[in-house]
Amino acid sequence: MTPSKISHTILWFVFCVLISGLFPLRSAQALPSWARRYNADCSMCHTMMPQLNPIGHQFRRLGYRMPEEFDNKEVQFSWDDLAKFTNYFAARGRARATVNKQSPAKIDFDFEQHDVTLFYGGPVTRNIAYFFEMPFEPENEFAELEVGQIQLAFGHSDSFFFTRMGQFHQFSRVGYGGLDRPIGLNNARMFDVRVNGFRPRHDGLGVEAGWSNGNFTGLLQFTSGIEATGGSVLDNEDPNNDKDMALLLEYLIPNHNASVSLLYVYGRAPTPQNDAGADVAGAGPTRYHRFYLFGDYTFEKIGLKPIIGFSLGIDNQTISGIGTATAALISADNSLSWFSFLELDKSITDNLYLLGRFDYDDVTNKAEGAANTSKTWAGTAGLVWQFQRYMRFSVEYKVADSQGQHPAHAFTTEAQLVF
């Protein structure tokens with residue numbers, strides 16, 4: 001990290017620390033700007049934070065409004081309301097220490113200023129809302145816009161149409177169950193492992209439209225898609241004509257913090273090019289199909305929340321060297337990859353959580369230049385403690401064993417400030 005990047009990060013972190021003394025919140029990780037706006041505890045919308053309860057999910061779908069606000073057509077957002085900066089602004093700073101053991105002879109111990117992130121969002125009128133998320137990360141010289149979306153909602157809170165457009169989290173971190181944010185530091189492997197350039201944690205440019213009717217929600221989404229070198233298109237211009245399409249169906253089980261979600265994604269990665277900028281001989285666009293199924297249920301009396309997830313991916317062409325400029329066609333045959341996980345989240349007290357997760361997957365690695373598949377299992381255990389009103393401390397241990405490789409171990413601690 002260069003001295004300029006270090007000083008840039010330090011200045012922003014100091015800024016967050018100073019401001020946090022002016023605007024303390026009741027619990028970390030949930031966005032406190034909305035808690036300040038309603039003078040409410042974050043538990044109004046969250047179970048084990050940052051995971052949402054049914055009220056929280058509806059609040060987000062309605063454009064960060066409570067149902068009674070949305071249903072009252074007399075509600076007006078005056079300039080005085082919009083000018084209340086602290087009701088729309090929040091910030092987060094995270095620092096980590098990680099010990100990695102990739103082989104018996106190699107152990108890495110790293111300190112990391114993970115990010116300082118600014119959030120600004122909320123309703124503008126009864127029907128229009130916005131949300132911006134901008135992280136400052138040490139590896140980037142400048143801040144990069146992660147989310148910049150405009151949302152619209154029309155109807156009644158029991159049955160309404162909603163849409164969002166711009167740059168946004170496509171699937172992960174915006175849905176129910178496995179698609180909600182994890183309470184720990186790491187996601188299940190199906191969200192972090194990229195197969196043929198795609199993973200459901202991509203942020204993308206696009207538009208989606210949906211309908212929510214009681215406990216059922218369905219939405220259709222079109223995004224800019226992934227590039228031949230892997231990763232999503234995030235730019236002011238969209239150079240990719242191969243769009244991704246997704247259909248998401250969600251059902252919230254009545255009178256329970258429980259849900260079932262089904263996600264289908266169809267996409268095309270453009271034809272890969274060589275170093276000279278010409279299409280790789282014999283290669284064409286990679287077409288892929290992805291199916292995801294998630295479920296969760298909360299046993300409120302014992303504070304236990306199991307989450308399950310399963311995905312199946314089918315590709316009719318695989319490209320080696322995804323992520324490089326020398327991608328080449330390996331096979332035009334169909335390939336198959338699948339993931340699964342089971343996570344148990346346990347609420348010990350109102351501000352102390354335990355988590356345990358087991359992942360198992362069989363991934364076709366042709367996209368990374370290998371001719372075989374890799375069966376991997378991973379175990380994760382963690383403890384999350386929220387304290388001093390605006391601080392959060394997490395510890396997490398993870399072990400992963402891939403076929404034919406030595407098990408990898410990682411122990412991570414993180415301190416987080418949100419105000």
Side-chain angles (χ1 to χ4, degrees), residues 100-103 170-173 177-179 182 184-204 225-232 244 246 261-270 272 283-295 307-324 326-343 357-380 398-410:
N100 282 300
K101 182 180 180 183
Q102 303 291 338
S103 67
Q170 288 182 253
F171 314 113
S172 174
R173 301 172 182 262
L179 291 174
L185 302 178
N186 296 294
N187 295 273
R189 280 179 53 84
M190 72 167 63
F191 297 113
D192 285 338
V193 176
R194 198 164 66 190
V195 181
N196 286 350
F198 177 81
R199 63 175 182 168
R201 261 194 71 201
H202 276 316
D203 298 326
I226 61 172
E227 298 177 306
T229 54
S232 55
D244 287 356
S261 302
L262 177 64
L263 170 66
Y264 166 71
V265 181
Y266 169 77
R268 287 162 49 100
T286 297
R287 297 172 177 83
Y288 56 85
H289 302 266
R290 297 284 188 269
F291 303 87
Y292 298 86
L293 179 65
F294 300 97
I307 304 172
I308 60 172
F310 177 82
S311 74
L312 180 67
I314 303 172
D315 302 278
N316 71 343
Q317 187 166 242
T318 53
I319 305 298
S320 68
I322 289 287
T324 71
T326 56
L329 178 69
I330 283 187
S331 171
D333 297 331
N334 288 338
S335 61
L336 194 66
S337 302
W338 61 271
F339 293 83
S340 61
F341 76 90
L342 170 63
E343 180 173 329
R357 184 174 63 245
F358 180 78
D359 292 86
Y360 187 79
D361 54 75
D362 187 349
V363 180
T364 300
N365 276 343
K366 291 180 180 179
E368 305 301 332
N372 60 355
T373 61
S374 175
K375 296 179 176 63
T376 301
W377 67 264
T380 304
K398 182 176 182 179
V399 56
D401 188 350
S402 297
Q403 188 177 26
Q405 300 181 13
H406 191 276
H409 302 263

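- Residues V265 and A246 come closest through the heavy atom pair CG2-CB, 4.1 Å.
- To the nearest 0.5 Å, atom CG of residue L293 and atom CG of residue L312 are 11.0 Å apart.
- Atom CG of residue D401 and atom CH2 of residue W377 lie 5.5 Å apart, to the nearest 0.5 angstrom.
- Using a 4.0 Å cut-off between charged side-chain N and carboxylate O, D315 and R290 make a salt bridge.
- Rounded to the nearest 0.5 Å, atoms CZ (F358) and CD (E343) are 13.5 Å apart.
- Looking at S340, its side chain does come within 3.5 Å of a backbone N or O of Y360 through a donor-acceptor pair.
- When the salt bridge (Lys or Arg N to Asp or Glu O under 4.0 Å) test is applied to D244, no partner is found at least two apart in sequence or on another chain.
- F310 contributes atom CZ, which lies 11.0 Å from atom CG of D361 (distance to the nearest 0.5 angstrom).
- For the salt bridge (Lys or Arg N to Asp or Glu O under 4.0 Å) test, residues two or more places apart in sequence or in another chain that qualify with R199 are D192.
- Considering only heavy atoms from C-beta on, N186 comes within 4.5 Å of R357 through its side chain.
- Taking all atoms of both residues into account, the shortest heavy-atom contact from M190 to P200 is O-CD, 3.3 Å.
- In terms of modelled atom types and a separation under 3.5 Å, the side chain of R189 and the main chain of T376 share no donor-acceptor contact.
- Ring pair F341/F294 is tilted by interplanar angle, where 30° to 60° counts as tilted.
- Atom OG1 of T380 is separated from atom CG of D359 by 6.0 Å, given to the nearest 0.5 angstrom.
- Under the 4.5 Å side-chain criterion, counting only non-hydrogen atoms from C-beta, R173 is in contact with N187.
- To the nearest 0.5 Å, atoms CZ (F191) and CZ (F171) are separated by 11.0 Å.
- Annotation: side chain of L179 is not in contact with side chain of Y292 (no heavy-atom distance under 4.5 Å).
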